[in-house]
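The structure appears below as structure tokens.
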Amino acid sequence: MTRRLRRFTSTLGSVAVLATLAGCGADDSSDGGGKGGALTVWLTIDARESWPDLVAGTNKRFAELHPGTEVKVQYQQWPSKNQKIDAALAGREVPDVVEMGNSETTNYIINGAFSPLEKKDFDHSEDWLPALADACQHNGKNYCVPYYAGAKVGIYRTDILKKVGVTSPPRTYPELLSVLDKVKAEYGAEDKNFSTFHMPGRYPHAAMAWVKDAGGEMAVQEDGRWKGALSLPASRAGLTTWKKLIDDYYVGDRSKDNGDEPGVVGQGKVAMFYGNTWEANAAADPRSGGNPALRGKFDTFAFPGPSGKLLPPFLGGSLLAVPVKSGKQELARDWIKLFTDHGSQQQLIKAQTLPNNTVQLREVPADGINGPSARAAERGWVTPLAPGWTAVEKSNILPSMLQSIATGKKTVEQATEDADREIDKLINEN
């Protein structure tokens, strides 16, 4: 399951080369009207490893619509994907369809890298998940098509909860704290290395869920300008609640991130954690550092927030775009239509992945491992769609702020004030 460790994180490449793309049209060296020849599609390895039948089926349907046009699918690794895209877009030979993470699109769109796409041409476009759809919008136009999504959930050891008399996961935040108290009393007293709740300090996609639940934000836009919003009262309230959860139930290294979470949980000294659905299996999979002895002992639940609603999860996901320099604009749009239509989304659901729209979220089996994720997805959010957010993430402002709070090096007030100051320096830079 290590293939998905970077699946829903921002993979940030250099976008400076994109400045040259503004105003560019299709590459004049392409094959005239864009018919025949080959259509080049860049997808990440998730498609090859998790739903190859969907790719093959789409290509077969496309061939029936466009005889003589071969589809060449090239699979990219998440860590190097954007660097390759930047290099291709700066040249003359570009892919015709590219997959992007939903937190990666803003600079590409602003700099004119992608062609506009009519929303009405695609299935369920009025019902696209907002955290995916919003990442495709700019100045009233749509520049990409949502592909799939994934939302974080609570993951717990069923055997541990059963031992303390809990037969079903908590549905409210007070119930959650009560369950954690019971587990801590049973296990924490005997083992000082036992974390009732695993929550490393440098984990923005988790901590910001508490901020969002409290009504806070990472950044806000006023009069056309973005600015940091972590020092607003609601944001600070969310971070204070997050810090208390760590203080009460986490005994691990507060300066770490969640990159090795399955391996840490697989050591058997964690009762519950907040993560991606696939990590429930990864914690028992030796390929990702997990422990096979724990197979079948994890389950997921929709994580309740202190607000009384479900904790709003970071909604990771992918989008499909057509580079403006592609010479096969119409063919590229037709391929995306097929790859994201209602039937294709049903295939993604069968592959234990969330669909791109709210209507088909209801088709996700409620009692399956993705059921809780589907429930939480409608409250999902994405990082600020600001021109300089890429620079903010590359500067590690949020992880550093969270580490300073988690370790007690700074108060919530001081840390958020410092973070906002640093965010303000970068967030409006394109």
Side-chain angles (χ1 to χ4, degrees), residues 1 5 151-203 205-207 209-210 213 241-286 288-306 310-311 313 367-373 375-376 402 406:
M1 298 296 290
L5 283 176
K152 295 184 183 297
V153 293
I155 303 172
Y156 67 100
R157 284 274 301 274
T158 54
D159 56 331
I160 288 178
L161 263 63
K162 183 178 180 180
K163 186 173 180 179
V164 299
V166 177
T167 58
S168 60
R171 293 172 296 177
T172 68
Y173 204 73
E175 284 182 14
L176 171 74
L177 299 182
S178 176
V179 169
L180 294 176
D181 285 338
K182 290 179 181 178
V183 173
K184 183 178 179 180
E186 176 72 24
Y187 288 85
E190 298 179 2
D191 187 349
K192 299 303 180 183
N193 295 316
F194 186 90
S195 279
T196 309
F197 190 83
H198 178 73
M199 177 59 69
R202 297 174 66 89
Y203 192 178
H205 286 165
W210 271 261
D213 186 68
T241 303
W242 171 80
K243 171 66 158 51
K244 188 175 190 318
L245 194 71
I246 291 177
D247 288 343
D248 290 346
Y249 304 112
Y250 177 59
V251 301
D253 186 350
R254 300 189 182 196
S255 65
K256 290 184 62 176
D257 62 23
N258 65 312
D260 62 349
E261 195 161 61
V264 173
V265 174
Q267 295 174 13
K269 295 182 180 294
V270 171
M272 188 181 295
F273 64 107
Y274 183 68
N276 297 308
T277 301
W278 59 266
E279 291 179 283
N281 291 325
D285 190 331
S288 51
N291 182 359
L294 297 178
R295 188 168 287 121
K297 295 183 178 181
F298 292 98
D299 204 352
T300 62
F301 67 103
F303 203 95
L310 292 182
L311 193 72
D367 58 352
I369 194 169
N370 253 354
S373 185
R375 287 183 57 204
L402 294 173

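All heavy atoms count here, side chains included; hydrogens, waters and symmetry mates do not.
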Polar contact flag, side-chain donor to acceptor under 3.5 angstrom, T158-D299:
no
Taking the side chain as C-beta and beyond, is there a heavy-atom pair between V264 and H198 under 4.5 Å?
yes
For V166, the side chain to side chain contact (heavy atoms under 4.5 Å, CB included) test, sequence neighbours excluded, returns L161, V164, V179, K182
Can you give me the closest heavy-atom contact between P262 and W278, atom names plus distance?
CG-CZ3, 4.4 Å
Would you say Y274 and N258 are linked by a side-chain donor-acceptor pair, where the criterion is simply a distance under 3.5 Å?
no
Between T277 (side chain) and N370 (backbone), is there a donor-acceptor pair under 3.5 Å?
no
With sequence neighbours left out, the residues meeting side chain to side chain contact (heavy atoms under 4.5 Å, CB included) with P306 are Y173, W210, D213, T241, L311
Please examine the side chains of E261 and V265, heavy atoms only from C-beta on, and report whether any two atoms are closer than 4.5 Å.
yes
The complete set of side-chain hydrogen bond (donor to acceptor under 3.5 Å, both in side chains) pairs with one or both residues in residues 161-171, sequence neighbours excluded, reads none
Do NZ/NE/NH1/NH2 and the carboxylate oxygens of K243 and D248 come within less than 4.0 Å?
no
Do side-chain atoms of T300 reach the backbone of I369 as a donor and acceptor pair under 3.5 angstrom?
yes
Could you tell me if the side chain of R202 sits less than 4.5 Å from the side chain of L402, heavy atoms only?
no
I need the minimum non-hydrogen distance between A406 and R254, along with the two atoms involved.
O-NH1, 2.7 Å
Got V153 and P372 here, is their nearest side-chain heavy-atom distance under 4.5 Å?
yes
Non-hydrogen atoms of Y250 and S195 that approach each other most closely
CD1-OG, 3.4 Å
Can you list the steps and then say if Y187 with I160 is a side chain to side chain contact (heavy atoms under 4.5 Å, CB included)?
CA-CA 9 Å; Y187 288 85; I160 288 178; 3.5 Å; yes
Under 4.5 Å between any side-chain heavy atoms of Y156 and V270, yes or no?
no
Minimum heavy-atom distance between D260 and K256, given as atom pair plus value:
OD2-NZ, 2.6 Å
Looking only at heavy atoms, the pair that brings L245 and L177 closest together is CD1-CD2, 4.0 Å
Is the backbone N or O of A284 less than 3.5 Å from a side-chain atom of R295, with the two atoms forming a donor-acceptor pair by type?
yes
Examine F197 together with F273 and report whether their ring centres are nearer than 6.0 Å.
no
If you take all heavy atoms of N276 and I155, which pair is closest and at what distance?
O-CD1, 3.3 Å
Is the shortest heavy-atom distance from the side chain of K269 to the side chain of D191 under 4.5 Å?
yes
Can you tell me if S288 uses its side chain to pair, donor with acceptor, with the backbone of A282 under 3.5 Å?
yes
Would you check if T196 and M272 make a side-chain contact, meaning some heavy-atom pair closer than 4.5 Å?
no
Within the 4.5 Å heavy-atom criterion, are V183 and Y249 side-chain neighbours or not?
no
